[in-house]
Each structure stands twice: as structure tokens, then as C-alpha cells.
Amino acid sequence: MVTISSNLLYTAFILYLIATVFFAGSIKDKKNTNKGPNKWAAIGLWITIIGFAAQLGYFITRWIAAGHAPVSNLFEFTTFFGMSLVGAFIVIYLIYKTPILGVFTLPVALLMIAYASMFPREVSPLIPALQSDWLHIHVTTAAVGQAILAVSFAAGIIYLVKSVDQSKQSKQRFWLEAVMFGLVCTLGFIIISSSFSVSGYKAEFNWVDKNGQEDVLEYHMPALTGPNEAKLITEGKFEPLAEMPAIINAKKLNTVIWSLASGIILYLALRLILRKRVGAALQPLAKNINLDLVDEIGYRSVLIGFPVFTLGALIFAMIWAQIAWTRFWGWDPKEVWALITFLFYAAYLHLRLSKGWHGEKSAWLAVIGFIIIMFNLVAVNLVIAGLHSYAGS
Amino acid sequence: MKEVKCDCGHVNPIGTILCESCGKVLEEKEKDKKLLDMRYEGSARRSQTYNKTIIDKIWNFFSSVKVGVWLIVITLIASALGTILPQEMYIPPIMPAEEYYEDQYGWIGKLYYDLGFHNLYSSWWYLILIASIGISLVICSLDRVIPLYRALKKQRVSRHESYLQRQRVFGVSQPEATDQAFTMAKEKLKSKKYSIREENGNILAEKGRFSRWGPYVNHVGLIIFLIGGMLRFVPGMYVDKILWIREGETKVIPETNGEYYLKNDGFILEMYDKEKDKEVFEEAIDKAGMVAKNYQSNVTLYKKQGDTVAGEEADLEKVKDFEIKVNKPLKFEKFALYQVDYKLNELNKMSFALTNKKTGEEYGDLTVDLNDPQDVYDLGNGYKAEVVSYFPDFEFDENGEPITKSRVPNNPAFVFKMFTPDKPDGEISFVAIRQTIEPFGDNEYKMAFKGIDTKNVSALTVRKDLTLWIIALGGVIFMIGVAQGSYWNHRRIWLRRVNGEVWVAGHTNKNWHGLKREIEAALDGTGIKVPEDQLQNQSEKKG
């Protein structure tokens, strides 16, 4: 069952990849200049729907195998996030029929699923705190809400790719390129960690933690930054270039450095091939899109996503917290970051309604909102931890 | 108070920008604009009209969306600051917070502590921020909702030409058969669930007006929620106690006025087992080593019968047996008991034998209940042991005197006085785990350690929260309001005959794409031209 499940996930991944190509092709297709989506887009949509069905199959079979909804660790949650993003894209696409949205949304979903599979993938049993129906009610609603909000990020990026002037230097051009670089770094992390994982790299260190306790740490990437008082036990492996004080998590820092380095190499390679900024290279894709329509898609996604997010990530969360943790609110970092996301989109809506922050300003806000969501997903789990920390192991 | 009378005869409150009835522009500076500012229907808001007294100024400050957004953003940043390092309630109680932050995080930790960020969410300034948001919610809602309600209530079907012209979606055309076109459009709009009003042959089609109240409904929900949060500080509304209860023990449940008692029938800790649990978990269990499956306290709840005098044993009647697990609290009356912690194998009983040191002969066993030791243990035949002192959690203080750190028997120690027929004055012996001290030189007898008996201890949180229903009510109203405002749109389409022409205008509070599609569908085949989006045309000309 678990094997079938994983295969379905692979299938979905490949299908999304193919669908992206079709959506991109539908924009390049010059024969079809009259309005509305053409054949390429129609095929792309069908492939996306089949991919979505395959991933739904992954989700259901894994649920059956585990006996609980597969949203209980970082791999499962992030994969579900990716699936919801595709689902949200399909719905929004059916309303607005804009192939370009697929060109930007599907890669984000792809990155998300690939990123998810860098984490332990085995089916894990539920610890007592998670044994509740609220697990799937709260987590899935929150993820769907975040995914719908993420569509506004894709719309925002499309808007910026089209509207930001690439021919002269500006803050906008710089930051848009920074966002592109961030996406490339994620890809870099995925490539580098899967390469080392395929090659089976493993180096063990004896080290001393900040309380003076000796322990063993296992690295899966060559150690650039070694842990405090590190002694390499595995023979013939790379000796750390620099040793970190015990207060810093040297292993995570090492991963960050590797991801950044591979991101930079990848980015430079891209620049060499494209001979222009990534943002500039994407610009032709957005050539025919109407900015107002993209702006509206972004706004609409926030409007649809915000109530769902509030329901899942705050209301359902509070109900469950009252049952499992004795109190509905406890200022746990994950709770606080859900509140921050809520406040941020509340500010977005108020600015839009009353201060007339439409168009480009709105698009930038959508990008920041997505960064907050990603921060809550990645950094809060891996760096800040807290009560939700089991989601990361 | 002065009022503004419009040409159409309608009397508007002072400060009105667009006539509530016909929509004509009343404010001079609005007259040159190409498109109308349709927010709040151009109604007279107090904050835009008065700015003289202190009250006006406070009102205007809190009714401003700009101020509201700033409050939200500042709260957002403050909240984020509180997650950089753990809050005080989440740090392990190994040392005082003052030392802990510096010890663990260096100078950053010290700064964090000195700035008070270790208790950020209960700091006075954070509470002021939340309170300001609350005030802002009340004032900005009142400032807008009343005039908006008036304006929508009083709106006329035939709007002034200048009003229609300056709508974002507007068009003029001359269909061949106007009457027929109107009837057809009317039918189509009706089938799209518009409510139609007619006046002098003009049409106003409107739907989803109730979505305009969404923001105000959700603000009411938030205010109720915040009030619920405040009520926690009213005495009696909120109980947060922890009850450590040993297996076999019966204890009064705190904060129940001695009404309820709880007996711990046993604590259960289960781990996942590769052999017994689902095979798919094997890999994960191997990796993690141990994965907890269940924390459970089997308890019996008792209720006290009648009144008892202090010191008298309470007369208890059993209410029910219950298995408290994580996610399954025991509920009774307004209380809930939660499984939150445990301690395995706490020392419970210790057994000794009074023994002759030379011959090794034993003169009887005694077992001390570490939570309730007797004064004297009589072993018969003239042998007895007296407990002179008992230290449940023993250590030596700086003067070398034995003291106890707590009442929990973590490291019990005793001073025994042993009486035997040949030593009627008794011999003193200090007995602790793995050590015996004989303060007055060599004894003939000793208390030989025989064994221990342990018990598990459950920790249960005792919770009463009478604010929950208010919080829940606030949450429900908020959700209704947000859904109402987000998933429905207020759309209006005006069809007006002007000198043989047909003027069409449309307005929506959001989702213009949807409105335009509906207008297109409604006018299809009527001969009336589909109106244009003037804003889009503007931007296209610019671009």
C-alpha cells in the first residue's frame, strides 16, 4: 500500500511537470491569437487534473495504510500543501481561464513537493497529542487556506514580472530578482540534498553540546561547518572547515550553506544561459496578460483563502488546543505565526479596501504574505520549534 | 445642525459627498474627478465631518483605517519578536529566568530578558496594542456602518446622470427597441437572482447587499472575542491548577470548594511496539527508538455527601470511572481534568528489618509508607523502631545538617531509634539510601534495607473556563462576517433612459470581473451595448 502510494505521488509530480510545459506552450503558441485558452492549455489542464487525482490517490492510500490522515509530519504536510495549491489553481483557473497562472503556480507546487521529500518519508505512528480527529480537520483546512493564499503569490509574481521595468535599475527590479533567487536556492537545496542522499554520504561526529554533554551527530552532506569540538568518527570523510560554537546548530547551518552555494551556482548558470535576469527572461510569458485581471485573481485568492485560513489555522486550531493542551491559546511560536499571517492578510485587505493599494503594491504584499507562510512552515518547524516541533522530525 | 438639500429634493446630513437618494455630487472637490470614489457610498461619516473637540480628534484617530493598519502591523511585528526566543512559560524550570536567558543565549538572551520580551504577550504595551485595536474596531465600524446603511436604504432607482457617468463600468447606446430591450434585460437579471426595482421606466438591479455588512459583523465578532479574553481576569471565571496524584491516592480536586474528590486507580504509559502495532510503522519506530502511544490515568470521580466538620473523613459518593487520556479530558460540571504529565516509579514504601549486626539475626520487618510514616513500628517481643525524624527529599545543608528539599520522597532518609530487650534506652541510627550513620558510635543493631515499592504519579490540569462560550460566540460571529464579506459581492446595475439613449452603469464592491461577465450576459441580444470598464481603458491608454 505504501509503495502504491509513493508511486502515485511520483506520477503526480511528473504530470505536474508536463502540465507546466503545456501551459507555457499555450502562451508561446502564436497560431492561436483569438481570446481564450487554446488546445495546449486545455491539454495542460487535463494533465493537471489527472495529476491531482493521482496525488489524491497517494493521499487516500497513505491514509488507509497509516490509519490516520497523512498530515502528521513535515513531509506529509508539505506534500499536502503542494496538492492543495494545485487544487486551488484548478479552481481559480476554471474561473479565470488564464494559462499563465499554471506556468507560475505549478512550479511552486513542484518545488513544494520536491522540498517535502527531502524530509523523512516513512509512515510514523501518532504520538498521544496528535491522536484526534482534529488532526485532519485542523491541518487540512489550514493547509488549504494557505494554498489558496499562495495562489495570490503566483498572481503577484506574474503581475510583477510584467509590470516591473527590466531595462533600468530600480528597487523593484532588484527585489523581484531576489525572489527569483530565493526560488532557485530552494531548487539548489533539493538538488544538493538529493544528490548526497543518492550517493549515500554519511559522516559521524563526536561532539559536545552546550550543556557539556557528549553526543554523536550524523551528517548527510560533507561538513563545511562542524559541530562544537567535533571528532570525525567515520573514516575517509570530509573534515569540517570550521568548527561552530555549541550554541549554533552546525548541521543545519551546513545545510543552509550548501543550499546557498548550489543556489548561487545554479543561478549564475541560469544567467549565463539566459544572458539576462531571470525576471527579464520570464517577461515574454506575461506579455499578453491583462494586469487588472491578474490583480483581481490575486485579490480574489486572498478573499477566498483568508476565511478558510482563519477557520483552519486559528478557529479549529483553538478548538483542538483546548482539548489537547488544556488551553485554546498559549503563544506557542506556531500559533503566533498563524496569528501573524492572519494579521498580515487583514492588513492587506484593509489597505486594499480603503487606501486603494491595488496593482503593484498589492502584488508585493502577496509576495510578502507568501514569505510569511513559508517562514511559518519552514523556519518555525526547523529553527524555532516549540510545541509543534514534532512536525519537523 | 445644518443639512444639505439636493436638487432632487432629498435632505442629506451635513458632510454628505454623494446625495443619498440620486447620487449627485454635493462636495465641490469631488466634481472634477473622472470616476467617483464609491467607498461608503459617499455618505457623511462623522470622522470626515467634525474635527473640533478632543472627542472628535480621538474619534477621528481611531476611525482611521490608516491608524488601524498601523496598529495591526505594529502588533504583527511585536508578536514576531516574541518568537525569537522561547517565552518564559516554555523554558525549563532549572534556573531563574534572569540567569537562564543569558546562560543559554549569551548577550542576546540578556537583552531579550532586559527588554521584557520573555513575557512579551502579557506586557503592558502589548496589551495596550490589543486594546487599541479593540477600540479602533468599535469606532471605525460605527463611523461607517450607520451612514452606509442610510445611503443604501435611501438610494433611488433613477440616479443622477453625473453619478452614472462617473461609475467605473459605464456605457451609452441607442438600441432599436428600448422597451423590449429593457424587458429582456430585466428577465435575464432576475434569472441571475438580482432584485429589480423600477421607477419611471428606469431599472436598478441589485444583489448581495448583505455582503456589505460582512466587515461590520466580523468586527462585532472580534470585539466579543476580545471581551471574552478580558473576562478571564475576572475572579472565578478561570481556573488553572495542576493536581499531582499518586496511584491509589484520593485527593480533593482544587477549586471545587471541596465538593469533588478524585482517586487515581492507575497510570498507564504505552509505547509503540514494532511487533504488535502496524507493520508500516516499523521504520519510523526503529529510527526514533521509542514513540509514546498513550498516556492515561484511570480515575474515579467522587462527590462529597453532606457537610463535614474539618478533620472528619468526608462521605464520598462515586460519580463515575473515567480513563483520562491526552485529547480525552474528564469533564464534570464546569470543570475539565486533562492528562498533562506523569512521573514513573516514585518511591512509595521502604522496608527494613531490625537486624543484629554481628549475628545477622532479624527481629521482624517493617514497611514505611513514605507519604505517611508511623511514629513507632512495634515488632513484638520487646523489639520496636521509632521514627525520630523523616526527610523525604534529603540532603545536607551547608552546616552539615540533614534537611529536606521537598515533601516528595525522592531521596528518603530516617533517623530511627531502635529498642531491643538488651538495649532498652534505644540506639540511634541514621538511614538513607546506601548509607547508614551511627552518630553515637557503634550500634549493636541496624535497620537493614529490605526493599522498595514504587508507584506512578499522574499530573492532571484542573481547568475551568467560563469565558469559553463568549470566545466561541465571538469566533462564530467573526467567521459568519468574514464569509459574508468575502464570498458574496454587492452588485448594482443601473439602466436609465436619457433622451432616447440608454445609459448603463455598474458598480460592485469587489470582483469586477464577475460583474462585467454578468452585465455581458444580461445585455446579450438586447441591442444595448455592453458598457466599458473606464478604469481599465484609462490604464490601457496610459500603458
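Below, all heavy atoms of this structure are taken into account, side chains as well, without hydrogens, waters or symmetry copies. Computed from a predicted model, the values in this text were never measured in an experiment. Here is the naming used below: chain letters follow the sequence lines, and residue numbers restart at 1 for every chain.
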Euclidean distance, N294(B) CG relative to I127(A) CD1, rounded to 0.5 Å: 12.0 Å
Contact part of V123(A) toward chain B, heavy-atom cut-off under 4.5 Å: side chain, backbone, both or neither? both
Heavy-atom closest pair, residues W331(A) and Y90(B): O-CE1, 3.8 Å
Roughly how far, to the nearest 0.5 Å, is OH of Y121(B) from CD of E335(A)? 10.0 Å
Can you name the residues of residues 270-280 of chain B that have some heavy atom under 4.5 Å away from a heavy atom in chain A? Y272(B), K278(B), V280(B)
A324(A) backbone acceptor or donor facing Y338(B) side chain under 3.5 Å: no
Closest heavy-atom pair and its distance - I72(B), A346(A): CD1-CB, 4.4 Å
Determine the minimum heavy-atom distance between R517(B) and I95(A), stating which atoms define it. NH1-O, 3.5 Å
Y295(B) versus chain A, heavy atoms under 4.5 Å apart: side chain, backbone, both or neither? both
Hey, which of G229(B), G514(B), A284(B) has the most heavy atom pairs under 4.5 Å with chain A? A284(B)
Relative to chain B, which segment of L293(A) carries a heavy atom at a distance below 4.5 Å: side chain, backbone, both, or neither? side chain
Looking only at heavy atoms and a cut-off of under 4.5 Å, which of H350(A), R352(A), E296(A) has the most pairs with chain B? E296(A)
Please verify the inter-ring angle class for H68(A) with F281(B); under 30° counts as parallel, over 60° as perpendicular, anything in between as tilted. parallel
For chain A, which of K510(B), Q87(B), K66(B), K325(B) has the most heavy-atom pairs under 4.5 Å? K510(B)
Identify which part of K287(B) has an atom lying under 4.5 Å from any heavy atom of chain A, answering side chain, backbone, both or neither. side chain
Which heavy atom of F328(A) sits nearest to which heavy atom of D465(B), and what is that distance? CE2-OD2, 3.9 Å
Just wondering, are more than 12 heavy atoms of other shown residues or ligands nearer than 6.0 Å to CD in E283(B)? no
Against chain A, work out which of N511(B), L120(B), V482(B) has the most heavy-atom pairs shorter than 4.5 Å and name it. N511(B)
Need one label for M1(A): side chain, backbone, both or neither, based on atoms under 4.5 Å from any heavy atom in chain B. neither
Does any heavy atom of chain A fall under 4.5 Å from the side chain of L71(B), the backbone, both, or neither of them? neither
Straight-line distance of W329(A) CH2 to I471(B) CD1, nearest 0.5 Å: 11.5 Å
V302(A) versus chain B, heavy atoms under 4.5 Å apart: side chain, backbone, both or neither? neither
Hey, which of N509(B), I77(B), L468(B) has the most heavy atom pairs under 4.5 Å with chain A? L468(B)
Please classify the contact between I133(B) and chain A as side chain, backbone, both or neither, with a heavy-atom cut-off of under 4.5 Å. neither
Do W512(B) and D292(A) touch side chain to side chain, with heavy atoms closer than 4.5 Å? no
Could you look at L339(A) and say if it's the side chain, the backbone, both or neither that has a heavy atom under 4.5 Å from chain B? side chain
Checking R232(B) against chain A: side chain, backbone, both or neither under 4.5 Å from a heavy atom? side chain
Tell me whether K328(B) at atom NZ has more than 12 heavy atoms from other residues, nucleotides or ligands lying less than 6.0 Å away. no
Let me know if I315(A) has heavy atoms under 4.5 Å from chain B in its side chain, its backbone, both or neither. side chain
Among N327(B), T75(B), L85(B), which residue forms the greatest number of heavy-atom pairs with chain A at distances under 4.5 Å? N327(B)
Region of A336(B) in contact with chain A, defined by heavy-atom distances below 4.5 Å: neither
At a 4.5 Å cut-off on heavy atoms, which part of P86(B) comes close to chain A: side chain, backbone, both, or neither? neither
Drop me the distance from Y487(B)'s OH to I304(A)'s CD1, to the nearest 0.5 angstrom. 7.0 Å
Heavy-atom closest contact (V291(B) atom, P125(A) atom, distance): CG1-CG, 4.0 Å
Under 4.5 Å, counting heavy-atom pairs only, tell me which of L349(A), I323(A), T326(A) racks up the most with chain B. T326(A)
What part of W70(B) gets within 4.5 angstrom of chain A, counting heavy atoms only: side chain, backbone, both, or neither? neither
For S79(B), is it the side chain, the backbone, both, or neither that has a heavy atom closer than 4.5 Å to a heavy atom of chain A? both
Minimum heavy-atom distance G330(A)-M89(B), with the two atoms named: O-CE, 3.4 Å
Please look at Q131(A) and chain B and tell me whether the side chain, the backbone, both or neither of the residue comes under 4.5 angstrom of a heavy atom of that chain. both
